[in-house]
Amino acid sequence: MFQELVDLIHKKTDCDFKEATVQIRKYIDGMDDSDFKEIIKNIGIIPENIEHDSSEEKLYSKASDVVLARCFRMLGLDAKALDERADSADIIAESTNGYNYSLVADAKCFRLSRTAKNQKDYKVGNLSSWRGSENEYAVLVAPYFQYPQTKSQIYSTALENNVCLLSWEHISILVENDVRESDKFSLESLWNASQMIARDKTLSFANAKCCFLPKMDDYVARKMGLSDVEYIEELYKYKTFIMYRGKLEIAYWKSQINEIETYTREQAINELIKARKLQEKIVAIKGYMDKLERQGKV
(Lines give C-alpha, C1' and ligand atoms only; values in the text may rest on other atoms or scores of the structure.)
Protein backbone atom coordinates (compact mmCIF):
# COMPACT_ATOMS: atom_id res chain seq x y z
CA MET A 1 0.00 0.00 0.00
CA PHE A 2 2.86 2.37 0.70
CA GLN A 3 4.19 1.97 -2.82
CA GLU A 4 0.70 2.71 -4.14
CA LEU A 5 0.69 5.93 -2.12
CA VAL A 6 4.09 6.92 -3.54
CA ASP A 7 2.88 6.13 -7.08
CA LEU A 8 -0.21 8.27 -6.49
CA ILE A 9 1.98 11.16 -5.34
CA HIS A 10 4.04 10.86 -8.52
CA LYS A 11 0.87 10.95 -10.62
CA LYS A 12 -0.75 13.90 -8.82
CA THR A 13 2.11 16.40 -9.00
CA ASP A 14 0.76 17.82 -12.27
CA CYS A 15 -2.55 18.64 -10.55
CA ASP A 16 -3.42 21.73 -8.54
CA PHE A 17 -1.88 21.21 -5.08
CA LYS A 18 -5.18 21.56 -3.23
CA GLU A 19 -6.89 19.11 -5.54
CA ALA A 20 -3.97 16.68 -5.24
CA THR A 21 -4.20 16.96 -1.45
CA VAL A 22 -7.91 16.11 -1.57
CA GLN A 23 -7.13 12.99 -3.61
CA ILE A 24 -4.30 11.95 -1.29
CA ARG A 25 -6.51 12.46 1.78
CA LYS A 26 -9.32 10.45 0.18
CA TYR A 27 -6.91 7.60 -0.56
CA ILE A 28 -5.36 7.52 2.93
CA ASP A 29 -8.61 7.87 4.85
CA GLY A 30 -10.36 5.32 2.65
CA MET A 31 -8.02 2.36 3.18
CA ASP A 32 -8.70 -0.27 5.83
CA ASP A 33 -6.79 -0.31 9.11
CA SER A 34 -4.45 -3.18 8.23
CA ASP A 35 -3.26 -1.45 5.05
CA PHE A 36 -2.99 1.85 6.87
CA LYS A 37 -0.71 0.32 9.50
CA GLU A 38 1.76 -0.49 6.71
CA ILE A 39 1.70 3.20 5.74
CA ILE A 40 2.53 4.26 9.32
CA LYS A 41 5.60 2.00 9.35
CA ASN A 42 6.91 3.50 6.11
CA ILE A 43 5.87 7.14 6.05
CA GLY A 44 8.73 8.53 8.17
CA ILE A 45 11.25 7.63 5.46
CA ILE A 46 11.00 9.71 2.29
CA PRO A 47 11.70 7.46 -0.72
CA GLU A 48 14.77 8.42 -2.70
CA ASN A 49 12.75 8.40 -5.92
CA ILE A 50 10.91 11.50 -4.71
CA GLU A 51 13.00 14.41 -5.91
CA HIS A 52 14.41 16.70 -3.26
CA ASP A 53 12.74 20.10 -2.89
CA SER A 54 10.10 19.23 -5.48
CA SER A 55 6.32 19.38 -5.74
CA GLU A 56 6.38 15.64 -5.08
CA GLU A 57 8.23 16.14 -1.81
CA LYS A 58 5.77 18.86 -0.80
CA LEU A 59 2.84 16.53 -1.51
CA TYR A 60 4.56 13.71 0.39
CA SER A 61 4.88 16.01 3.39
CA LYS A 62 1.18 16.80 3.20
CA ALA A 63 0.44 13.08 2.99
CA SER A 64 2.40 12.55 6.21
CA ASP A 65 0.16 15.14 7.92
CA VAL A 66 -2.94 13.26 6.77
CA VAL A 67 -1.42 9.99 8.01
CA LEU A 68 -0.61 11.43 11.44
CA ALA A 69 -4.10 12.92 11.76
CA ARG A 70 -5.62 9.48 11.11
CA CYS A 71 -3.20 7.97 13.66
CA PHE A 72 -4.54 10.35 16.31
CA ARG A 73 -8.09 9.35 15.39
CA MET A 74 -7.16 5.68 15.78
CA LEU A 75 -5.79 6.61 19.22
CA GLY A 76 -9.23 7.94 20.13
CA LEU A 77 -8.87 11.67 19.45
CA ASP A 78 -10.74 13.89 17.02
CA ALA A 79 -8.01 15.05 14.63
CA LYS A 80 -7.54 16.62 11.22
CA ALA A 81 -4.73 17.83 9.00
CA LEU A 82 -5.13 21.55 8.43
CA ASP A 83 -5.02 23.30 5.09
CA GLU A 84 -1.60 24.68 4.29
CA ARG A 85 -1.02 27.94 6.13
CA ALA A 86 2.14 29.84 6.90
CA ASP A 87 3.40 29.87 10.47
CA SER A 88 0.95 27.32 11.89
CA ALA A 89 0.84 23.70 12.95
CA ASP A 90 -0.09 21.01 10.43
CA ILE A 91 -2.40 18.95 12.64
CA ILE A 92 -4.83 19.67 15.44
CA ALA A 93 -6.33 17.01 17.70
CA GLU A 94 -8.80 17.12 20.55
CA SER A 95 -9.84 14.69 23.25
CA THR A 96 -13.41 13.50 22.85
CA ASN A 97 -13.63 11.59 26.11
CA GLY A 98 -14.20 14.37 28.60
CA TYR A 99 -10.55 15.15 29.35
CA ASN A 100 -10.91 18.66 27.95
CA TYR A 101 -7.58 19.10 26.18
CA SER A 102 -6.35 19.68 22.66
CA LEU A 103 -2.98 19.54 20.96
CA VAL A 104 -1.18 20.66 17.84
CA ALA A 105 1.21 18.34 16.05
CA ASP A 106 3.83 18.39 13.34
CA ALA A 107 4.92 15.40 11.25
CA LYS A 108 8.55 15.11 10.14
CA CYS A 109 9.92 12.73 7.54
CA PHE A 110 13.51 12.36 6.38
CA ARG A 111 15.44 10.52 3.70
CA LEU A 112 17.87 7.85 4.82
CA SER A 113 20.47 9.71 2.75
CA ARG A 114 19.91 12.87 4.80
CA THR A 115 22.58 12.77 7.48
CA ALA A 116 23.26 16.36 8.54
CA LYS A 117 20.24 17.57 10.50
CA ASN A 118 20.03 20.43 12.99
CA GLN A 119 17.44 21.87 15.33
CA LYS A 120 15.88 23.94 12.52
CA ASP A 121 14.85 20.72 10.80
CA TYR A 122 12.65 19.83 13.79
CA LYS A 123 11.15 23.29 14.51
CA VAL A 124 10.52 22.46 18.17
CA GLY A 125 10.37 26.12 19.17
CA ASN A 126 7.97 26.93 16.32
CA LEU A 127 5.69 24.09 17.31
CA SER A 128 5.49 25.44 20.83
CA SER A 129 4.42 28.87 19.59
CA TRP A 130 1.90 27.35 17.16
CA ARG A 131 0.12 25.81 20.16
CA GLY A 132 -1.11 29.27 21.11
CA SER A 133 -3.25 29.78 24.19
CA GLU A 134 -6.09 27.53 23.09
CA ASN A 135 -4.17 24.22 22.90
CA GLU A 136 -2.61 22.56 25.92
CA TYR A 137 -0.02 20.38 24.20
CA ALA A 138 2.35 20.27 21.24
CA VAL A 139 3.58 17.00 19.73
CA LEU A 140 6.40 16.42 17.25
CA VAL A 141 6.52 13.08 15.43
CA ALA A 142 9.72 12.18 13.56
CA PRO A 143 11.60 8.94 12.72
CA TYR A 144 12.97 7.45 15.94
CA PHE A 145 16.46 6.67 14.70
CA GLN A 146 16.83 10.04 12.97
CA TYR A 147 16.42 11.99 16.17
CA PRO A 148 19.84 13.02 17.56
CA GLN A 149 20.93 10.04 19.64
CA THR A 150 23.24 11.81 22.09
CA LYS A 151 22.89 15.56 22.66
CA SER A 152 20.98 18.28 20.86
CA GLN A 153 19.40 21.66 21.47
CA ILE A 154 16.05 20.18 20.46
CA TYR A 155 15.85 18.25 23.74
CA SER A 156 16.42 21.24 26.00
CA THR A 157 14.01 23.30 23.88
CA ALA A 158 11.39 20.56 24.18
CA LEU A 159 11.81 20.45 27.95
CA GLU A 160 11.67 24.23 28.30
CA ASN A 161 8.53 24.52 26.17
CA ASN A 162 6.79 21.23 27.02
CA VAL A 163 6.88 19.86 23.49
CA CYS A 164 6.33 16.10 23.37
CA LEU A 165 8.90 14.36 21.16
CA LEU A 166 7.44 11.15 19.76
CA SER A 167 8.44 9.00 16.81
CA TRP A 168 6.60 7.28 14.00
CA GLU A 169 7.75 4.05 15.64
CA HIS A 170 6.08 5.07 18.92
CA ILE A 171 2.86 5.91 17.10
CA SER A 172 2.98 2.68 15.11
CA ILE A 173 3.53 0.55 18.21
CA LEU A 174 0.62 2.25 19.98
CA VAL A 175 -1.69 1.72 17.00
CA GLU A 176 -0.55 -1.88 16.46
CA ASN A 177 -1.38 -2.63 20.10
CA ASP A 178 -4.85 -1.03 19.79
CA VAL A 179 -4.13 1.63 22.39
CA ARG A 180 -7.08 4.00 22.40
CA GLU A 181 -8.17 6.81 24.68
CA SER A 182 -11.52 6.23 26.40
CA ASP A 183 -13.51 7.61 29.30
CA LYS A 184 -11.52 5.21 31.50
CA PHE A 185 -8.10 5.60 29.87
CA SER A 186 -6.38 8.89 29.09
CA LEU A 187 -3.39 9.56 26.87
CA GLU A 188 -2.94 13.07 28.25
CA SER A 189 0.10 12.17 30.35
CA LEU A 190 1.87 11.02 27.17
CA TRP A 191 1.44 14.39 25.46
CA ASN A 192 2.62 16.03 28.71
CA ALA A 193 5.72 13.82 29.01
CA SER A 194 8.28 16.59 28.46
CA GLN A 195 6.94 18.56 31.39
CA MET A 196 7.14 15.52 33.63
CA ILE A 197 10.68 14.80 32.46
CA ALA A 198 11.65 18.42 33.10
CA ARG A 199 10.35 18.13 36.67
CA ASP A 200 12.63 15.16 37.34
CA LYS A 201 14.98 16.39 40.06
CA THR A 202 17.71 14.03 38.87
CA LEU A 203 17.91 15.91 35.54
CA SER A 204 20.53 18.61 35.93
CA PHE A 205 20.65 21.71 33.74
CA ALA A 206 23.90 20.44 32.20
CA ASN A 207 22.08 17.34 30.96
CA ALA A 208 19.09 19.14 29.49
CA LYS A 209 20.41 18.63 25.95
CA CYS A 210 20.77 14.87 26.38
CA CYS A 211 18.57 12.57 24.32
CA PHE A 212 15.55 11.58 26.42
CA LEU A 213 14.01 9.13 23.94
CA PRO A 214 14.59 6.23 26.39
CA LYS A 215 12.34 8.06 28.86
CA MET A 216 9.72 8.43 26.12
CA ASP A 217 10.07 4.69 25.49
CA ASP A 218 9.20 4.13 29.15
CA TYR A 219 6.08 6.28 28.87
CA VAL A 220 4.92 4.51 25.71
CA ALA A 221 5.60 1.05 27.16
CA ARG A 222 3.70 2.00 30.31
CA LYS A 223 0.66 3.07 28.28
CA MET A 224 0.61 -0.36 26.66
CA GLY A 225 1.37 -2.29 29.82
CA LEU A 226 4.52 -3.79 28.28
CA SER A 227 7.65 -4.75 30.18
CA ASP A 228 10.97 -3.21 29.17
CA VAL A 229 11.98 -6.44 27.41
CA GLU A 230 8.70 -6.71 25.52
CA TYR A 231 8.89 -3.09 24.43
CA ILE A 232 12.51 -3.36 23.24
CA GLU A 233 11.52 -6.39 21.18
CA GLU A 234 8.76 -4.31 19.56
CA LEU A 235 11.16 -1.45 18.80
CA TYR A 236 13.80 -3.81 17.42
CA LYS A 237 11.32 -4.98 14.76
CA TYR A 238 11.28 -1.44 13.39
CA LYS A 239 15.06 -1.27 13.32
CA THR A 240 15.06 -4.42 11.21
CA PHE A 241 12.40 -2.93 8.94
CA ILE A 242 14.47 0.24 8.45
CA MET A 243 17.42 -1.89 7.38
CA TYR A 244 15.12 -3.46 4.77
CA ARG A 245 14.02 -0.03 3.54
CA GLY A 246 17.65 1.04 3.38
CA LYS A 247 18.45 -1.83 1.00
CA LEU A 248 15.55 -0.76 -1.24
CA GLU A 249 16.76 2.85 -1.34
CA ILE A 250 20.33 1.74 -2.14
CA ALA A 251 18.96 -0.43 -4.96
CA TYR A 252 17.19 2.62 -6.38
CA TRP A 253 20.38 4.71 -6.50
CA LYS A 254 22.34 1.81 -7.99
CA SER A 255 19.75 1.56 -10.76
CA GLN A 256 20.19 5.29 -11.37
CA ILE A 257 23.97 4.82 -11.62
CA ASN A 258 23.49 1.97 -14.09
CA GLU A 259 21.21 4.14 -16.20
CA ILE A 260 23.65 7.07 -16.21
CA GLU A 261 26.45 4.77 -17.30
CA THR A 262 24.51 4.11 -20.52
CA TYR A 263 24.27 7.83 -21.42
CA THR A 264 25.92 9.22 -24.48
CA ARG A 265 28.23 12.19 -24.01
CA GLU A 266 25.48 14.57 -25.15
CA GLN A 267 22.91 13.03 -22.82
CA ALA A 268 25.33 13.29 -19.89
CA ILE A 269 26.01 16.97 -20.60
CA ASN A 270 22.29 17.75 -20.87
CA GLU A 271 21.53 15.92 -17.62
CA LEU A 272 24.30 17.80 -15.81
CA ILE A 273 23.00 21.15 -17.10
CA LYS A 274 19.49 20.21 -15.94
CA ALA A 275 20.67 18.91 -12.57
CA ARG A 276 22.55 22.12 -11.81
CA LYS A 277 19.58 24.19 -13.05
CA LEU A 278 21.88 26.35 -15.14
CA GLN A 279 19.22 27.47 -17.63
CA GLU A 280 16.90 28.45 -14.76
CA LYS A 281 19.66 30.59 -13.26
CA ILE A 282 20.19 32.36 -16.60
CA VAL A 283 16.44 33.01 -16.92
CA ALA A 284 16.29 34.38 -13.37
CA ILE A 285 19.17 36.80 -13.99
CA LYS A 286 17.69 37.96 -17.30
CA GLY A 287 14.34 38.52 -15.61
CA TYR A 288 15.99 40.67 -12.97
CA MET A 289 17.86 42.67 -15.61
CA ASP A 290 14.65 43.17 -17.65
CA LYS A 291 12.90 44.44 -14.54
CA LEU A 292 15.65 46.96 -13.88
CA GLU A 293 15.56 48.10 -17.49
CA ARG A 294 11.80 48.65 -17.38
CA GLN A 295 12.28 50.73 -14.26
CA GLY A 296 14.78 52.93 -16.08
CA LYS A 297 17.65 51.83 -13.87
CA VAL A 298 19.95 50.83 -16.77
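Note that the structure is predicted; figures quoted are calculated from it, not measured.
- Between the side chains of S54 and E57, no donor N or O sits under 3.5 Å from an acceptor N or O.
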>> Using side chain to side chain contact (heavy atoms under 4.5 Å, CB included), reason through C71 and V67 one step at a time and then give a plain yes or no.
In response: CA-CA 6 Å; C71 288; V67 169; 4.2 Å; yes
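- Under the 3.5 Å distance criterion, the side-chain polar atoms of R180 are matched with a main-chain donor or acceptor of M74.
- Checked by atom type and distance alone, the side chain of D32 pairs as donor or acceptor with a backbone atom of S34 at under 3.5 Å.
- The number of heavy-atom neighbours closer than 6.0 Å to CG of D7, taken from other residues, nucleotides and ligands shown, is above 12.
- Residues R70 and M31 meet the side-chain proximity criterion, which asks for heavy atoms closer than 4.5 Å.
- Surrounding CD of E134 are more than 12 heavy atoms belonging to other residues, nucleotides or ligands, all under 6.0 Å away.
- The two residues Q149 and Y147 have their closest heavy-atom pair at NE2-O, 2.7 Å.
- Counting heavy atoms from C-beta outward, I197 and M216 have side chains that approach closer than 4.5 Å.
- N258 CG: more than 12 foreign heavy atoms inside a 6.0 Å radius.
- A distance-only check finds no donor-acceptor pair linking the side chain of E181 to the backbone of S186 [under 3.5 Å].
- Rounding to the nearest 0.5 Å places NZ of K80 at 10.0 Å from CD of E94.
- Annotation for F72 and A105: closest pair CE1-CB, 3.6 Å, computed over non-hydrogen atoms.
- Taking a cutoff of 4.0 Å between a charged side-chain nitrogen and a carboxylate oxygen, K123 and D90 do not qualify as a salt bridge.
- Here I257 contributes atom CD1 and T262 contributes atom OG1; the two are 12.5 Å apart, rounded to the nearest 0.5 Å.
- For the residue pair W191 and Y101, the shortest heavy atom distance occurs at NE1-OH, 2.9 Å.
- Under the 4.5 Å side-chain heavy-atom criterion for Ile, Leu, Val, Met, Phe, Trp and Tyr, F17 and I91 are members of the same hydrophobic cluster.
- A 4.5 Å side-chain heavy-atom check between I43 and Y60 finds at least one atom pair inside the cut-off.
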>> What verdict does the side chain to side chain contact (heavy atoms under 4.5 Å, CB included) test give for L127 and R131, after you've listed the backbone C-alpha separation in whole Å, the side-chain angles of each residue and the deciding distance to 0.1 Å?
In response: CA-CA 6 Å; L127 185 55; R131 167 174 38 201; over 6 Å; no
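- Scanning all heavy atoms of the two residues, the minimum distance from E48 to S113 falls at OE2-OG, 2.9 Å.
- Once rounded to the nearest 0.5 Å, the distance linking CD1 of I40 with OG of S64 reads 12.5 Å.
- A donor-acceptor pair is defined here as one N or O able to donate and one able to accept, closer than 3.5 Å; no such pair exists between the side chain of S128 and the backbone of V124.
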Which atom pairs, donor and acceptor, lie under 3.5 Å between side-chain atoms of residues 162-176 and protein residues at least two apart or in another chain?
{"residue": "N162", "atom": "OD1", "partner": "Q195", "partner atom": "N", "Å": "3.0"}
{"residue": "N162", "atom": "ND2", "partner": "N192", "partner atom": "OD1", "Å": "3.0"}
{"residue": "S167", "atom": "OG", "partner": "E169", "partner atom": "N", "Å": "3.3"}
{"residue": "S167", "atom": "OG", "partner": "H170", "partner atom": "N", "Å": "2.9"}
{"residue": "S167", "atom": "OG", "partner": "H170", "partner atom": "ND1", "Å": "3.1"}
{"residue": "W168", "atom": "NE1", "partner": "K108", "partner atom": "O", "Å": "2.9"}
{"residue": "E169", "atom": "OE1", "partner": "Y144", "partner atom": "N", "Å": "2.8"}
{"residue": "H170", "atom": "ND1", "partner": "S167", "partner atom": "N", "Å": "3.1"}
{"residue": "H170", "atom": "NE2", "partner": "D217", "partner atom": "OD1", "Å": "2.8"}
{"residue": "H170", "atom": "NE2", "partner": "Y231", "partner atom": "OH", "Å": "3.3"}
{"residue": "S172", "atom": "OG", "partner": "Y238", "partner atom": "OH", "Å": "2.6"}

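- By the rule that hydrophobic residues join a cluster once side-chain heavy atoms approach within less than 4.5 Å of another member, M196 and L190 end up as members of one cluster.
- Proximity of T157 to Y122: side-chain heavy atoms (C-beta onward) are nowhere separated by under 4.5 Å.
- Scanning all heavy atoms of the two residues, the minimum distance from G246 to L112 falls at CA-CD1, 3.5 Å.
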>> Evaluate I39 against I28 for side chain to side chain contact (heavy atoms under 4.5 Å, CB included), listing each step before the verdict.
In response: CA-CA 9 Å; I39 301 292; I28 292 171; 5.6 Å; no
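- One finds the CG atom of D228 at 9.5 Å from the CZ atom of R222 (value rounded to the nearest 0.5 Å).
- Two residues are said to be in side-chain contact when any heavy atoms from C-beta on lie closer than 4.5 Å; F185 and N97 fail this criterion.
- The side-chain heavy atoms of S152 and K209, taken from C-beta on, include no pair separated by under 4.5 Å.
- Ion pairing between a basic and an acidic side chain is recognised when a charged N comes within 4.0 Å of a carboxylate O; D218 and K215 show no such pairing.
- Taking every heavy atom of both residues into account, I154 and P148 meet most closely at CD1-CD, 3.7 Å.
- No side-chain heavy atom of F2 sits under 4.5 Å from any side-chain heavy atom of K41.
- With rounding to the nearest 0.5 Å, the separation of NE2 in H10 from CG in N49 is 4.0 Å.
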>> Does E188 form a side-chain hydrogen bond (donor to acceptor under 3.5 Å, both in side chains) with S95? I'd like the steps, not just the answer.
In response: CA-CA 9 Å; E188 187 170 6; S95 174; over 6 Å; no
>> Does L213 form a side chain to side chain contact (heavy atoms under 4.5 Å, CB included) with Y155? I'd like the steps, not just the answer.
In response: CA-CA 9 Å; L213 289 182; Y155 296 116; 4.2 Å; yes
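- Remark: the backbone N or O of V66 is not paired with any side-chain donor or acceptor of R25 at under 3.5 angstrom.
- Side chains of Y99 and L187 form no contact here, defined as non-hydrogen atoms less than 4.5 Å apart.
- Taken from CD1 in I242 to NZ in K237, the straight-line distance is 14.5 Å, to the nearest 0.5 Å.
- By the 4.0 Å N-to-carboxylate-O rule, E271 lies close enough to K274 to be salt-bridged with it.
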